[in-house]
Amino acid sequence: MELIPFNESLIKTSIMTANRTLIVLFYGLLACSGWSQEQISLSGSIESNVNFYMRDEEIGAANTPQYEHQQIGTDTWLTLRAQLYGFDLGVRYDLFANSSLLNPTDSYTAQGLGHWYIGKQIGKLYIRGGHIYDQFGSGAIFKAYEERALFIDNALVGLRANYELSPTWTIKGLVGRQKNIFDLYPSFLKGLSIEGFKSFGEGKVSIAPGAGIIHKTLSDQQMDALAGSLAQYTPEDFIPEAPFNNIAATLFNTLSMGRFTWYVEGAYKSEEVFFDTYAPRTLWTGGQTIGKFVLDDGYMAFTALSYAGGGLGISGQYKRTSNFRFRTDPFVTLNRGMINFLPPMSRINTYRLTARYSPATQDLNEEAVQIDVRYAINKNLSVLVNVSNINRPKEEDNPDIYSEVYTQVTWKKPRKWTLISGIQYQKYDQELFEGKPGVPPVQAITPYLDYLVKLDQKKSLRTELQYMSTDQDFGSWLYLLEEYSISPHWIFEVSDMWNISPKHENGAGELKDLHFPTAGVVYSSGPTRYALRYVKQVEGIVCSGGICRLEPAFSGFKFNLTSNF
């Protein structure tokens with residue numbers, strides 16, 4: 001459910017006017033500089049993705065506007081940055097045409113100023129206005145960041161001031177509203193943090209402590225909409241008084257002592273109304289449904305301990321989360337309106353099949369542990385073992401939602417070849433992570449191999465071979481990739497992901513061992529990179545840093561352009 005801000009047309013008109021004023025001011029300042037290289041520094045970047053859609057009902061690439069009649073979709077970000085007379089300035093123009101980024105099963109078209117800022121250093125004080133990307137600690141209570149692949153851009157639009165208390169201590173304050181694509185969410189955020197550093201014993205021991213607090217105030221429009229929803233609840237679930245304000249606070253510290261590093265953070269969120277996806281709600285007609293607004297506080301505890309030395313690296317992480325859903329609007333879902341960021345507790349895998357099942361962070365109820373051990377036997381041979389487990393301790397029926405054991409051996413002959421190989425075991429609650437009711441947990445075993453051979457000083461050939469054995473979801477897979485590189489300009493690649501033991505029926509009610517081929521070329525020239533690929537891609541999870549979403553199958557061509565200037 002999306003809320004309509006009060007006097008929406010006036011707000012949009014004001015935003016457009018502010019955008020035009022900013023552009024005029026930006027270029028006016030550049031013109032006044034006389035383009036002297038001593039007075040001005042300019043840089044910029046562009047990223048553009050173009051998708052050409054080719055309908056393929058057999059793999060499920062159909063029944064969206066792009067496949068049915070639009071055929072082409074684009075996403076483009078053009079950024080310009082400048083330093084002028086001690087000022088930092090930047091603007092970014094965003095364009096989306098028939099895009100599937102906002103909703104993978106729908107189409108989105110819009111364009112406008114997606115990011116701007118002006119900053120100035122005044123002695124020990126730095127002030128910045130506009131769109132702000134920042135975080136407190138690990139991001140547990142506040143992280144404003146951008147992740148384009150998931151259409152996340154939750155910049156804080158407002159003011160931030162950093163003051164250097166001393167060479168090792170900084171205090172930071174910020175106020176504003178969170179970005180909602182080209183608009184703003186109605187709620188108002190205020191935050192304050194302090195971070196520092198102190199060493200002892202001639203630098204052999206050091207600490208980096210910090211603390212932060214975020215205050216959120218819901219708008220009158222949000223509270224009216226919330227009251228309207230709660231009024232439909234039965235007495236068992238009714239919340240008599242929802243608070244306008246709530247706070248989230250965090251304390252954190254990094255202790256470094258010789259070869260050991262220990263990070264610890266604890267965060268607390270005061271009572272607020274949020275939507276609990278899994279809470280049972282009583283209906284007026286009798287019976288129950290799942291999902292309702294609740295009034296509760298929450299907490300998060302996270303710690304990471306690591307050791308490195310003598311060729312051995314060991315790290316362990318533990319996290320406990322309870323009711324720590326913290327959004328700028330109680331009605332938004334999925335990846336929208338997130339104020340904070342909770343660190344993921346599973347390995348970030350990169351190979352196609354080992355990364356097929358990735359668990360999204362559970363902000364309502366999660367207890368997780370991860371251990372990573374790396375050992376270099378010599379300069380040419382090393383091994384890695386990673387173990388992770390995630391569960392929901394409040395759930396008696398199905399507390400364990402994810403387990404993984406990942407092993408890897410790296411063997412290389414310098415300037416000749418590199419061989420990476422290992423095996424992965426996963427147990428993955430597909431019903432929970434992908435919202436597919438009634439499906440069993442996926443249990444998969446995936447051996448993999450990655451072999452890179454250097455043919456000469458400029459040419460190399462890389463081969464990937466992966467096999468996933470599972471009786472759940474689509475069934476077992478075989479993946480093969482060949483990548484030929486000519487440094488520094490060309491990369492040619494071809495791959496196939498083959499559903500060799502299918503478990504899903506196609507549209508004709510038959511089991512068919514489908515192929516999902518990819519072929520492409522990448523050309524790089526200086527700071528510019530062009531990539532064109534023909535892609536058939538199976539439905540699956542796309543993740544970045546523990547934030548995930550389910551994407552449908554794709555069939556067609558993908559073109560990508562990136563450049564810095």
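All values below were derived from every heavy atom in this structure, side-chain atoms included, with hydrogens, water molecules and symmetry-related copies excluded. Not measured: the values here are computed from a predicted model.
- Side-chain polar atoms of Ser306 and Ser315 form no donor-acceptor pair below 3.5 angstrom.
- For Lys120 and Phe87, the positive end sits near the middle of the six-membered ring, less than 6.0 Å away and at most 45° from its axis.
- Residues Tyr299 and Arg320 have side chains in contact (heavy-atom distance under 4.5 Å, counting atoms from C-beta outward).
- Atoms CD and NZ, on Gln135 and Lys143 in that order, are 4.5 Å from each other to the nearest 0.5 Å.
- Using a 4.5 Å cut-off on side-chain heavy atoms (C-beta onward), Asn386 and Arg374 make no contact.
- Side chain of Asp237 to backbone of Thr282: a donor-acceptor contact under 3.5 angstrom is found.
- Side-chain atoms of Asn335 do not come within 3.5 Å of backbone N or O of Ile152 as any donor-acceptor pair.
- In this structure, the side chain of Gln222 engages the main chain of Thr328 through a donor-acceptor pair within 3.5 Å.
- Considering only residues two or more places apart in sequence or on other chains, Tyr133 meets the ring pair (Phe, Tyr, Trp, His ring centres under 6.0 Å) condition with His115.
- Remark: Arg549 is not positioned above the aromatic ring of Phe151, lacking an NZ or CZ atom under 6.0 angstrom from the ring centre and at most 45 degrees off the axis.
- Between Ser563 and Thr528, the shortest heavy-atom distance links the atoms OG-OG1, 2.8 Å.
- No side-chain N or O of Gln426 forms a donor-acceptor pair with one of Tyr406 less than 3.5 Å apart.
- Asn323 contributes atom CG, which lies 10.0 Å from atom CD of Glu272 (distance to the nearest 0.5 angstrom).
- Between Trp116 and His131, the two ring planes are perpendicular [angle over 60°; tilted spans 30° to 60°].
- Partners of Ser99 according to the side-chain hydrogen bond (donor to acceptor under 3.5 Å, both in side chains) rule, which considers only residues two or more places apart in sequence or in another chain, are Asp75.
- Here Phe274 and Phe324 keep their ring centres 6.0 angstrom or further from each other.
- A heavy-atom distance below 4.5 Å is found between the side chains of Glu366 and Ile390.
- With 3.5 Å as the limit, one finds a donor-acceptor pair spanning the side chains of Asp88 and Tyr126.
- For the pair Arg529/Thr562, a side-chain contact is recorded, criterion being any heavy-atom separation below 4.5 Å from C-beta on.
- Using a distance-only test at 3.5 Å, with no hydrogens or angles considered, a donor-acceptor pair links the side chain of Lys216 to the main chain of Arg327.
- Residues passing the salt bridge (charged side-chain N to carboxylate O under 4.0 Å, His left out) test with Asp276, sequence neighbours excluded: none.
- Rounded to the nearest 0.5 Å, atoms OG (Ser229) and CD1 (Ile239) are 10.5 Å apart.
- The closest donor-acceptor contact from the side chain of Glu434 to the backbone of Leu432 lies at 3.5 Å or more, if one exists at all.
- Atoms CD and CG, on Glu367 and Asp400 in that order, are 10.5 Å from each other to the nearest 0.5 Å.
- Taking the six-membered ring where the residue is Trp, Tyr402 and Phe433 present perpendicular rings, their angle passing 60° and hence far from 30°.
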Please tabulate, for the side chains in residues 343-350, all donor-acceptor contacts under 3.5 angstrom to protein atoms that are two or more places apart in sequence or on a different chain.
unit_1, atom_1, unit_2, atom_2, d
Arg347, NE, Asn349, OD1, 2.8
Asn349, ND2, Thr354, O, 3.3
Asn349, ND2, Glu404, OE2, 3.0

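- In this structure a side-chain-to-backbone donor-acceptor pair under 3.5 Å is present from Lys179 to Gly114.
- Residues satisfying the salt bridge (charged side-chain N to carboxylate O under 4.0 Å, His left out) test with Arg160, not counting sequence neighbours, are Asp134.
- With 3.5 Å as the limit, one finds a donor-acceptor pair spanning the side chains of Glu265 and Thr250.
- Aromatic ring pairs are classed by plane angle as parallel below 30°, tilted from 30° to 60° and perpendicular above 60°; the pair Phe136 and Phe142 is tilted.
- In this structure, the side chain of Arg92 does not engage the main chain of Trp77 through any donor-acceptor pair within 3.5 Å.
- The list of ring pair (Phe, Tyr, Trp, His ring centres under 6.0 Å) pairs with a residue in residues 215-265, not counting sequence neighbours, reads Phe260-Tyr307.
- A donor-acceptor pair under 3.5 Å is formed between the side chain of Asn253 and the backbone N or O of Ala208.
- Note that the CD1 atom of Ile171 and the OG atom of Ser166 stand 11.5 Å from one another [nearest 0.5 Å].
- Looking only at side-chain heavy atoms (C-beta outward), Val373 and Leu312 come within less than 4.5 Å of each other.
- For the atom pair CG (Leu102) and CZ (Arg336), the distance works out to 5.5 Å, reported to the nearest 0.5 Å.
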request  = Could you please spell out the steps behind the side chain to side chain contact (heavy atoms under 4.5 Å, CB included) verdict for Met300 and Asn340?
outcome  = CA-CA 11 Å; Met300 191 281 299; Asn340 64 332; over 6 Å; no

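- Using modelled atom types, one side-chain atom of Thr109 and one backbone atom of Asn98 make a donor-acceptor pair closer than 3.5 Å.
- Here the side chains of Thr254 and Phe197 are not in contact, with every heavy-atom distance at 4.5 Å or above.
- The main-chain N or O of Gly123 is found under 3.5 Å from a side-chain atom of Gln121 such that the two form a donor-acceptor pair.
- Within the 4.5 Å cutoff, no side-chain heavy atoms of Tyr185 are placed close to those of Arg177.
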